[in-house]
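Here's the structure, in structure tokens; my notes come after.
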Amino acid sequence: ALTKGTFIATPEILPSQGRELKEFNALPLLLAQNTGFLQAPEFKQWIAENKEIVKEAAEKSGYMLKAVRQAWKRRGLIPITVLNKMLEKTSMPACKQVFFKLDKKSKPIPAVVPATEELLKFSGLWVADGCFDGKYAVIISVNEPEENHAVNKVAELYGLKARTHSDGFSKIISNTGLVWFVKNILE
């Protein structure tokens, strides 16, 4: 039995069988869950070239206003519910980078990110001593400068900022997409 003052030995590196993890890709799960929005510069032209398919898919999804579809084209943004209906008739364009967000107000974050050392450390820190602040933020307790650095680098990877939590030592990163990513991809 573990008692105060005893230790558990854990390996620093876990052996991996199979292929090397190079990236975390949220796109397949986002499409399967049929929720949120995708955004990419390449979507602007793709939406313009497929305006009839966009209109039909939008109307089937409850988006009736032409102004809404025009806003999607300007921003290169499309609801995943509409995108899934469009993919029945056309294919998604090749994109350098696709961003996602879960609601209209949140900041889009990359849907595909490299499996960096900092992201893997962040995952371990979150499993060890992380939690969520509702659906809005990820909180991780950090004590060491190296841990603090890893959390800050992950925030930067997503174009976000990590700040000190009100407890004075934990780091908090606020973004509904990041919360979804940690719950669905890293967990």
Is there a donor-acceptor pair under 3.5 Å between the side chain of [X] and the backbone N or O of [Y]?
| X | Y | result |
| --- | --- | --- |
| Lys73 | Gly76 | no |
| Asn175 | Leu178 | yes |
| Gln97 | Ala40 | no |
| Ser61 | Ala57 | yes |

Do you know which two heavy atoms are closest between [X] and [Y], and how far apart they sit?
| X | Y | answer |
| --- | --- | --- |
| Gln39 | Arg75 | NE2-O, 2.9 Å |
| Phe43 | Cys95 | CE2-SG, 3.7 Å |
| Leu77 | Ile47 | O-CD1, 3.8 Å |
| Ser106 | Asp103 | N-OD1, 2.7 Å |
| Leu30 | Ala111 | CD1-CB, 4.5 Å |
| Phe100 | Gly177 | CZ-O, 3.5 Å |

- Task: Begin from the C-alpha positions of Lys55 and Arg69 and carry the test side chain to side chain contact (heavy atoms under 4.5 Å, CB included) through to its verdict.
- Result: CA-CA 7 Å; Lys55 180 181 178 184; Arg69 295 189 304 273; 3.8 Å; yes

Would you say that [X] contacts [Y] through its side chain, given a criterion of any heavy-atom pair below 4.5 Å between the two side chains?
| X | Y | result |
| --- | --- | --- |
| Lys105 | Thr176 | no |
| Thr90 | Glu49 | no |
| Met64 | Glu59 | yes |
| Lys107 | Leu160 | yes |
| Trp72 | Tyr63 | yes |

Can you give me every donor-acceptor pair (side chain of residues 130-150, partner residue at least two apart or in another chain, under 3.5 Å) with its distance?
from	atom 1	to	atom 2	distance (Å)
Ser141	OG	Asp129	OD2	3.3
Ser141	OG	Ser170	OG	3.2
Glu146	OE2	Lys121	NZ	2.7
Glu147	OE1	Asn143	N	2.8
Glu147	OE1	Glu144	N	3.2
Asn148	OD1	Lys171	NZ	3.4

Under a single-linkage definition using a 4.5 Å side-chain heavy-atom cutoff for Ile, Leu, Val, Met, Phe, Trp and Tyr, are [X] and [Y] assigned to the same hydrophobic cluster?
| X | Y | result |
| --- | --- | --- |
| Phe37 | Tyr158 | yes |
| Phe169 | Ile173 | no |
| Phe181 | Ile80 | yes |
| Phe24 | Leu102 | yes |
| Phe99 | Met92 | no |

- Query: Going by the side-chain hydrogen bond (donor to acceptor under 3.5 Å, both in side chains) test, which pairs reach into residues 28-37, not counting sequence neighbours?
  - Reply: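 Listed by first then second residue: Gln33-Trp180, Gln33-Asn184, Asn34-Asn84.
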
- Message: Looking at Gln45, I'd like to know if its CD atom is crowded, meaning that more than 12 non-hydrogen atoms belonging to other residues, nucleotides or ligands lie closer than 6.0 Å.
- Response: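 Result for CD/Gln45: open.
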
- Salt bridge or not for Glu156 and Lys153, using N-O below 4.0 Å? yes

